[in-house]
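Before any comments, here is the structure.
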Number of protein chains: 2
Amino acid sequence: MPTNTNAGSTANGAARPTILDLAAACGVSPATVSNALADKPNVKASTREMVRRKAAEMGYHASATARGLRLGRSWSIGLVVGDIANPFVPEVVRGVEDVVWRARKNLILCNTDFQADKKTAYVRSLLDKNIEGLIVLSQVLSPSDMRLVEAADVPLVTVNRGTPGYTSDYVGIDNHAGVRMAMDYLVGLGHRRIGFIKGLPSSNSALDRFAAYTEAVERHGLDSDPSLVMPGDYDMESGDSGARAIMASAIPPTAIVAANDQMALGALGALHELGLRVPDDVSVVGFDNIQLAAHPLLNLTTINHPKRETGDAAARLLLQRILGKMVDPPRSVVLKPSLIVRGSSGPPKPAPAPKRKKSATAKNKSDQ
Amino acid sequence: MPTNTNAGSTANGAARPTILDLAAACGVSPATVSNALADKPNVKASTREMVRRKAAEMGYHASATARGLRLGRSWSIGLVVGDIANPFVPEVVRGVEDVVWRARKNLILCNTDFQADKKTAYVRSLLDKNIEGLIVLSQVLSPSDMRLVEAADVPLVTVNRGTPGYTSDYVGIDNHAGVRMAMDYLVGLGHRRIGFIKGLPSSNSALDRFAAYTEAVERHGLDSDPSLVMPGDYDMESGDSGARAIMASAIPPTAIVAANDQMALGALGALHELGLRVPDDVSVVGFDNIQLAAHPLLNLTTINHPKRETGDAAARLLLQRILGKMVDPPRSVVLKPSLIVRGSSGPPKPAPAPKRKKSATAKNKSDQ
DNA sequence: TTCTCCTATTAAAACGTTTTTACTTCGGCC
DNA sequence: GGCCGAAGTAAAAACGTTTTAATAGGAGAA
């Protein structure tokens, strides 16, 4: 019998057993237990078996904290989002979770509410916890936060929006192509006068989407009228007011493109309340293809944003960095948008038929 | 000059400084540094200041892993959800995050996809990580998982669904009262024949909601017809098929109550496609009041489920247990539902007026 | 002067692992 | 019989903290 006199917590019945307890119970040293459980080759088969059995029996599980300290790891990755309740977000979180889970790591969810100080505090806390990687969704880290992450040598993947001046792995969508598809589609239907509801200018994606609108207007020689373009903030409310403002234009458009689905849905609501029929009076196209855009009563034509794939790609990129500790230059994954035609879009009305003011035909909304 | 000969990682420029590095730089012992930063009273003011300054200068942050090991804490709480992409979930997550954040703890998000093995693996992993508390949302832990949590002495709060046989702190809503309100409201409008789309029988909440329907039918002496009650699974699709099945009844109802909003929205879609007007031909009432129920085109009358408050209450309960390590008996917080009247409900049609087939008055859908 | 009591500091132990190094034991070989 | 290598195990160091117990240096009292 070995001389291991473990005066450990064997008295305390409830506390979880440590490797010392297990070693004592097995009559071997902690080192051997560790090696046995880790399947190291230098431990006799019979010993390994008995350790295994005893471990299961006692319900021994190694403390992740202790291992983490010793190994310098944490098996945690941080995920910083602005607002988890935004319907776009959970879908990409789902994609991230899936691959992170398969890598046997955990996800620490940080909801910043877009507050700079909360963001900073979260980043610090994550770094203190020695996270193995960080994913930042649709947000910008402040330069000082960025320096911290960089100094800690923690792999970072930004999604949808990078930090200007700093470069990291990136996953996004081709916003320009998406809006171009929407515009080309509408033009193909015969629309020549198309309104646009923008996102906030602080967002790269919003800028890109608007730039693509401008470009399409020029390329197709469409009506270019400032009163057709309204600001927005990606929220439904602003889609509502934006649509109202656009339709109040001297010559209203026959179609409206919104920089995201929530604004498009807001526009849909506004048009409905204005007594305008969609798509007969005006077509509406969104961007992102959030779940509810598919509902038969909303039936929104939109640009699909592969959300799950976005999360998936971000997590994959991150894991590669973590595992390989690669020093390759930062990579970008740019996903392809696609057009989803639904009932909110159609050809424009037969053109400005003569002069028939205030036609009393305000009826139902959509047909399809 | 103290004899502290710290041969630490001062050579390595990049690595994050440890308390030894900081102590060396300050010319004091690690103990003093620790005490200074922790504002212990036994350190000279001038020393404290200089340690503070030097710490900021070097960017020293204590390793959470090391502190965690020493202090037996983790500053992490686990949150187990079934599907983060379900629109109900992010709202309560938001509520949880808010209070957890204020307590300076982190949230480890576990998405189980309702798979038993994934659930088990996540729980084990969380316990290994020494989480300080656990919140389980709309799910049941297996008895063996439950034993583990119990043995680890980790405070647990279940939300919306407890584990039968085990008792823990609990947060839920008065499902019965909610459906009763919906039914009483519809009866008040004059409805006597009301359909119901159920949730899965494996869910307590779904059972309660259905029980309340049955009870209301009896209490009010409403038509009790099995063909008015259809199974569902809380997904939109089943609301669609459920509504179709119900409307195929020999005598269709004048109103349908769905056990949650997603099924109600599915029903709305089905009715629309069947060419039935809401609420003129049939009223629809949901349960939960998810964000999109408020959209002007959906405009769903529903029972509000205080989602944010649910998360809030759950986290609060958990923190109390963590801080107080109370041994009080488990507590339950049962939130109050409330009726949100929107456009999808109204009085029934003037009754089976004589025989007037296919009245041509197909007009708009909602009023309110 | 010597003893006592504070104050400020430090050495050392502890938290629970993993890994490197060292130590047995034993069989085979010269 | 002594040496060597291999196999199996154990001791000890290390990861970065916090806390307990010990120590040094004065100040004041006897």
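The figures that follow rest on heavy atoms only: side chains count, while hydrogens, waters and symmetry mates do not. Numbers restart at 1 for each chain; the letters A, B, ... are given by sequence-line order, proteins then strands. Quantities reported herein were computed from a predicted structural model and do not represent experimental measurements.
Whole-Å rounding puts the B/Arg16 CZ to D/dC15 P distance at 14 Å. Following rounding to the nearest Å, B/Asn130 (CG) and C/dG16 (P) show an atom-to-atom distance of 10 Å. Spacing between atom CZ of A/Arg73 and atom P of C/dT17 amounts to 17 Å, rounded to whole angstrom units. Rounded to an integer number of Å, the gap from CG of A/Asp21 to C1' of C/dA14 is 15 Å. Between the P atom of D/dG16 and the NZ atom of A/Lys129 lies a distance of 18 Å, rounded to the nearest Å. For B/Arg67 and C/dA14, the CZ to P distance is 21 Å, given to the nearest whole Å. We find that CG of A/Leu69 is positioned 12 Å from C1' of C/dA14, with the value rounded to whole Å. In this entry the distance linking CG of A/Leu20 with P of C/dA14 reads 12 Å, nearest Å.
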Can you tabulate the close N/O pairs, meaning under 3.5 Å, that link protein atoms to atoms of nucleotides 19-21 of chain C?
residue: C/dT19; atom: OP2; partner: A/Lys40; partner atom: NZ; Å: 3.1
residue: C/dT19; atom: O4'; partner: A/Arg70; partner atom: NH2; Å: 3.4

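Here A/Thr18 does not reach the OP1 or OP2 of C/dG16: none of its side-chain N or O atoms lies under 4.0 Å away. When the side-chain nitrogen and oxygen atoms of A/Lys44 are compared with OP1 and OP2 of D/dA7, none of them lie within a distance under 4.0 Å.
A salt bridge links A/Asp312 to A/Arg316: one of the charged nitrogens lies within less than 4.0 Å of a carboxylate oxygen. Ion pairing of B/Glu97 with B/Arg94 is present here, as a side-chain N (NZ or NE/NH1/NH2) and a carboxylate O approach within less than 4.0 Å.
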Report the C-alpha separation of B/Asp169 and B/Thr158 in whole Å, then their side-chain angles, then the decisive distance to 0.1 Å, and conclude whether the side-chain hydrogen bond (donor to acceptor under 3.5 Å, both in side chains) test is met. CA-CA 6 Å; B/Asp169 284 346; B/Thr158 56; over 6 Å; no
Could you go through the side chain to side chain contact (heavy atoms under 4.5 Å, CB included) check for A/Val80 and A/Leu137 one step at a time? CA-CA 6 Å; A/Val80 178; A/Leu137 182 56; over 6 Å; no
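A side-chain donor-acceptor contact under 3.5 Å links B/Asp21 to the backbone of B/Thr18. The closest donor-acceptor contact from the side chain of B/Asn111 to the backbone of B/Gly82 lies under 3.5 Å.
Within the structure, salt bridge (charged side-chain N to carboxylate O under 4.0 Å, His left out) contacts touching residues 135-151 of chain B (residues at least two apart or in different chains) do not occur.
Looking at B/Glu132 and B/Ser76, their side chains never bring a donor and an acceptor atom within 3.5 Å of each other. Between the side chains of A/Lys129 and B/Ser63, no donor-acceptor pair of N or O atoms lies under 3.5 Å.
Residues from residues 56-65 of chain A lying near DNA chain C, meaning a heavy-atom separation below 4.0 Å, are A/Tyr60, A/His61, A/Ala62, A/Ser63 in numerical order.
For the pair A/Val43 and B/Ala66, nearest-nucleotide mapping onto DNA chain D gives the more 5' position to A/Val43.
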